[in-house]
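Keep in mind that the numbers below use all heavy atoms, side chains included, and drop hydrogens, waters and symmetry copies. Within every chain, numbering begins at 1; the chains are lettered A, B, ... in the order of the sequence lines, protein sequences first and strands thereafter. The structure displayed is predicted, hence computed values, not measured ones.
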Amino acid sequence: MDERAAVLDLLRENARYTTADLARMTGLDESVVEETIAALEADGVVAGYTAVVDPAKLDDEPVRAHVECNVTLDRETSYGDIAKRLAGFPEVASLRLMSGDYDFALDVEADSMGEVSRFVSEKVAPLPEITQTVTHYVMETYKESNHRFDAEEGDERISYSP
Amino acid sequence: MSETPLQPSDRVASVPESGIRRFFEVAAEMDDVVSLGVGEPDFATPYRAREAAIDSLQRGQTSYTANKGMVELRERIADHVTRYGLEYDPGEEIIVTAGASEAIDATFRALVNPGDSVAIAQPAYVSYEPGVRFAGGEPLPVETRAEDEFVLTRERLEAAGAQDAELLIYCYPNNPTGATMTEDELREVAAFCREHDIAVMADEIYAALTYEGDHTSIATLPGMRERTVVFNGFSKAYAMTGLRLGYALAPPHVIDSINRIHQYSMLSAPTTAQHAAIEALDNCGSDVEEMCTQYDRRRNFVLARLDEMGIDCFEATGAFYVFPESPWPDAGEFAETLLQEEQVAVVPGDAFGTGGEGHLRMSYASSMDDLRTAMDRIERFLE
């Protein structure tokens, strides 16, 4: 694995590893680790860092919905154009173009079901290219970004074994 | 108790209790112990292998298998070990056992006559010496040394008088030192064994966890296959310790002898585990790769932290152990005080026999969080 891949792999595992620990784990110099991270950020490979939050553990649990959107294109309007308009809304946490029965998949997050509904009906559905939306509310999240929210804690192993 | 006719045999009485037991009892009373004392992976068995085990149970596949293990499993093992250049016939030269430990114990009993001398490269896994004694043999410790990075050399074999031994057992990649042996180093041992007509038991349970270069099996060297029993298994590479599954590879007459004992003591290895192992060999290679990547990073991390603390440690290149020098002359006292004051569990090297004195075994089969905590605590303890 080259240094870029090694550092990226570790950051994806835990973005809070210190550069000193990244250096120890990869055997690279700390300065090389810093340069590699800077390059990954500058190239846009690493677009940002964020915490993986179990929404159920929050005092005010946000409402999440998976929204399927169908669109119609014309000569002047591409998928990219529509995506730009949709991605601008802060309620849209993720946006993907999909193969299959529908075109766009949106993850929409807001404080209440009403807010999500209003967002979809007032901001998404009225766009001229949008022909249909189907909203699925998230009921429970068990795993996100490789982190299990239902995992049992603790090391079951006995503390000394040969 | 002396009134009862239920008395341990002289053989059992001659084998002392494991040296790490007293530590275990102290640690069991403590909260918040971070353990580097564990000789098994911190990963769970790859998910697909667990699913295969469950599936086999649901289909009711809970009967005995052939004594030597399921044919389908032995065929896959035969195929798997070709990666080390080993060619064994699944019908006659492979036996599947309840962990490599069972295979090793049965092999001692199959090969050792009363009074036979069995050379044991030490520091070593704790079961070899008792296994030799239970079989009626005489253990002959062959001390490996820190200055040789704990590899076995002709010089050490000669110094111990191993030329008169009937059998030699060693484990590389090594528990407890993390040492590995290169092909050239093994050639020297092979030549010694051929010259003195010594049989070899090569415990290669950690073969898949080799971080620098490729693992070499002594059985691939000229004139060695016919005098060697190779042991491997699923516990370490596939994180299947609790499923208890290992195997031995040897010429047909040796497998027959091992099977003579195995069929009367174990009958067959656990069936559920055999189903898991088939799936492991078929589809869990990438899980092993991922675990290896993780171990290698942790190895680098621990070696770097020890170095920064000024603790001397040779660069262990296999298994999931490092074997640093104890900062105090008495490693047992260091391990005990470290446990009491900082709740970090490490094992004093002398628990693994001669050559381990003054060292500590630290396992890096723990999460990065635990390793960082353990290293921080050791650093604080030394200040």
Are the side chain of A:Ser161 and the backbone N or O of B:Val38 linked by a donor-acceptor pair below 3.5 Å? no
Heavy-atom pair count under 4.5 Å with chain B, highest-scoring of A:Asn14, A:Leu10, A:Leu22: A:Leu10
What part of B:Arg299 lies closer than 4.5 angstrom to a heavy atom of chain A: side chain, backbone, both or neither? neither
Relative to chain A, which of B:Asp42, B:Leu303, B:Val347, B:Asp296 shows the most heavy atom pairs under 4.5 Å? B:Asp42
Above 12 or not: heavy atoms from other molecules or residues under 6.0 Å from OH of B:Tyr47? no
A:Asp74 atom CG, neighbour heavy-atom count above 12 within 6.0 Å: yes
Less than 4.5 Å apart, any side-chain heavy atom of A:Tyr17 and any of B:Arg372? yes
What I'd like to find out is whether the side chain of A:Ser159 reaches to under 4.5 Å of the side chain of B:Phe24, using heavy atoms alone. yes
Within a strict 4.5 Å, meaning less than it, do heavy atoms of the A:Arg24 and B:Arg305 side chains meet? yes
With side chains defined as the heavy atoms from C-beta onward, is the minimum distance between A:Asp21 and B:Arg297 less than 4.5 Å? no
Heavy-atom distance under 4.5 Å to chain A: side chain of B:Leu371, backbone, both or neither? neither
Side chain, backbone, both or neither: which part of B:Ser367 has a heavy atom under 4.5 Å from chain A? neither
Atom CD in A:Glu13, atom OG1 in B:Thr293: separation rounded to 0.5 Å? 10.0 Å
If you count the non-hydrogen atoms of other residues, nucleotides and ligands that lie under 6.0 Å from CG in A:Asp43, is the total more than 12? yes
Does any non-hydrogen side-chain atom of B:Leu339 lie less than 4.5 Å from one of A:Tyr160? yes
Which bit of B:Val346 is near chain A, if near means a heavy-atom gap under 4.5 Å: side chain, backbone, both or neither? backbone
Determine yes or no for a side-chain-to-main-chain donor-acceptor pair under 3.5 angstrom, with B:Asn175 supplying the side chain and A:Pro162 the backbone. yes
Are more than 12 heavy atoms from other residues, nucleotides or ligands located less than 6.0 Å from atom CE of A:Met113? no
Taking side chain as everything from C-beta outward and backbone as N, CA, C, O, which of these in B:Arg21 sits under 4.5 Å from a heavy atom of chain A? Side chain, backbone, both or neither. neither
With rounding to the nearest 0.5 angstrom, report the OG to CZ distance, B:Ser363 to A:Arg157. 6.5 Å
Can you establish whether the number of heavy atoms outside B:Asp32 located under 6.0 Å from its atom CG is more than 12? yes
Could you tell me which portion of B:Gln294 (side chain, backbone, both or neither) has an atom closer than 4.5 angstrom to a non-hydrogen atom of chain A? side chain
I'd like to know whether CG of A:Asp81 has more than 12 heavy-atom contacts from other residues, nucleotides or ligands below 6.0 angstrom. yes
Identify the heavy atoms of A:Thr26 and B:Asn300 that sit nearest to each other, and give their distance. C-ND2, 4.3 Å
Under a 4.5 Å heavy-atom cut-off, does chain A meet the side chain of B:Ala365, its backbone, both or neither? both
